[in-house]
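So the structure is just underneath, and the comments pick up after that.
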Amino acid sequence: TESLAWRPISMLPPISYSVVRNKEVTFSMYARSDEADLYNTDTNGLYVCFALCSSENTQRSRYTVKSIASKQLSSDWTKLTFTATLTDNYISSGSLTIDDTTRFYMIVYNYSLRHVQIKKPKLEFGNRATDWSPSPDDVSGDIADAKDKADETSRDLEQAKQNLND
């Protein structure tokens with residue numbers, strides 16, 4: 001039989017700790033499970049791990065783990081949120097000397113014997129979870145692509161006008 005273990009099911013890539021240090025952040029995601037009795041004890045469930053690591057790797061050197069869901073999930077997507085202020089004292093388990101190269105990342109763990117699906121993980125500043133939205137970098141890229149296409153079409157039209165006038 002399968003044993004109860006900490007199973008990572010999602011990880012947000014590392015960023016500079018200075019971006020979130022001493023700031024209030026809200027983590028949100030959607031989760032579901034088709035299996036009944038997801039959490040059969042008080043310690044089973046979904047957990048979010050706020051972690052710090054050095055610039056060389058993503059080995060969790062300093063961290064805190066908090067429960068994000070300790071209730072039964074259904075086959076319907078359920079939005080889960082967790083808010084925290086990310087101070088050095090809050091992220092206190094383990095040992096790591098914090099400096100300018102320290103990186104922050106998150107892992108979502110499933111500590112149960114059941115299969116869980118998650119989607120749309122999002123970390124944002126403040127204490128309110130907003131609807132999921134694309135990354136600003138993705139939107140900027142889409143705008144640049146649309147501008148390039150419009151410029152190309154404009155050049156094609158100018159060329160066609162020139163050909164008609166010749």
Side-chain angles (χ1 to χ4, degrees), residues 6-35 38 46-66 68-69 73-88 90-91 96-110 114-166:
W6 291 94
R7 292 180 180 77
I9 56 176
S10 178
M11 179 176 165
L12 298 180
I15 60 172
S16 173
Y17 180 45
S18 64
V19 173
V20 295
R21 190 177 193 180
N22 297 319
K23 295 194 173 69
E24 184 177 49
V25 298
T26 296
F27 173 71
S28 61
M29 68 178 184
Y30 290 85
R32 72 178 180 184
S33 178
D34 290 332
E35 301 178 56
L38 178 62
L46 293 178
Y47 289 80
V48 62
C49 173
F50 297 111
L52 301 179
C53 64
S54 69
S55 61
E56 290 86 38
N57 61 50
T58 55
Q59 180 176 348
R60 184 179 76 179
S61 300
R62 192 164 167 172
Y63 61 94
T64 189
V65 178
K66 301 295 180 181
I68 193 169
L73 292 175
S74 70
S75 59
D76 296 326
W77 289 105
T78 301
K79 187 171 187 177
L80 306 171
T81 63
F82 185 84
T83 299
T85 301
L86 301 178
T87 64
D88 297 352
Y90 183 76
I91 304 174
L96 174 73
T97 301
I98 297 172
D99 61 27
D100 292 343
T101 66
T102 302
R103 296 183 303 159
F104 166 83
Y105 67 102
M106 295 177 52
I107 302 173
V108 176
Y109 288 102
N110 176 10
R114 307 298 186 243
H115 176 74
V116 176
Q117 294 175 297
I118 68 167
K119 69 177 183 178
K120 298 183 178 179
K122 184 176 183 181
L123 181 69
E124 54 195 321
F125 293 112
N127 61 6
R128 187 171 303 160
T130 60
D131 289 337
W132 184 88
S133 58
S135 163
D137 292 340
D138 294 340
V139 173
S140 296
D142 290 345
I143 291 170
D145 291 347
K147 182 185 179 314
D148 290 346
K149 185 70 172 167
D151 290 345
E152 181 182 334
T153 302
S154 178
R155 285 190 299 274
D156 291 347
L157 284 172
E158 284 301 317
Q159 183 64 45
K161 271 178 33 179
Q162 188 67 31
N163 291 344
L164 286 173
N165 291 333
D166 290 343

I'd like to check the side chain to side chain donor-acceptor pair (under 3.5 Å) partners of [X]; sequence neighbours left out, ordered by chain and number.
| X | answer |
| --- | --- |
| D88 | Y17, R21 |
| Q117 | R32 |
| T26 | T83 |
| D100 | none |

Does R103 use its side chain to pair, donor to acceptor, with the backbone of S54 at less than 3.5 Å? yes
State the [atom1]-[atom2] distance between [X] and [Y], to the nearest 0.5 angstrom.
| X | Y | atom1 | atom2 | result |
| --- | --- | --- | --- | --- |
| D148 | I143 | CG | CD1 | 12.0 Å |
| T97 | L52 | OG1 | CG | 11.5 Å |
| I118 | Y30 | CD1 | OH | 13.0 Å |
| Y109 | C49 | OH | SG | 5.0 Å |

So which atom in [X] and which in [Y] form the shortest heavy-atom distance, rounded to 0.1 Å?
| X | Y | value |
| --- | --- | --- |
| Y63 | V65 | CD1-CG2, 3.9 Å |
| V116 | A31 | CG1-CB, 4.4 Å |
| R62 | I91 | NE-O, 2.7 Å |
| T102 | I98 | OG1-CA, 3.4 Å |

Among residues at least two apart in sequence or on other chains, which ones pass salt bridge (Lys or Arg N to Asp or Glu O under 4.0 Å) with E152? none
Taking the basic N atoms (NZ, or NE/NH1/NH2) and the acidic carboxylate oxygens, is any pair closer than 4.0 Å for D145 and K149? no
Cationic N near anionic O, under 4.0 Å, R155 to E158: no
With sequence neighbours left out, the residues meeting side chain to side chain contact (heavy atoms under 4.5 Å, CB included) with S28 are K79, T81, K122, E124, A129
With side chains defined as the heavy atoms from C-beta onward, is the minimum distance between [X] and [Y] less than 4.5 Å?
| X | Y | result |
| --- | --- | --- |
| V108 | F27 | yes |
| V20 | F125 | yes |
| M29 | V48 | no |

After noting the C-alpha distance and the side-chain angles of S18 and S16, does the key distance pass the side-chain hydrogen bond (donor to acceptor under 3.5 Å, both in side chains) rule? CA-CA 5 Å; S18 64; S16 173; 2.8 Å; yes
Can you say whether the rings of F104 and F50 are parallel (under 30°), tilted (30 to 60°) or perpendicular (over 60°)? parallel
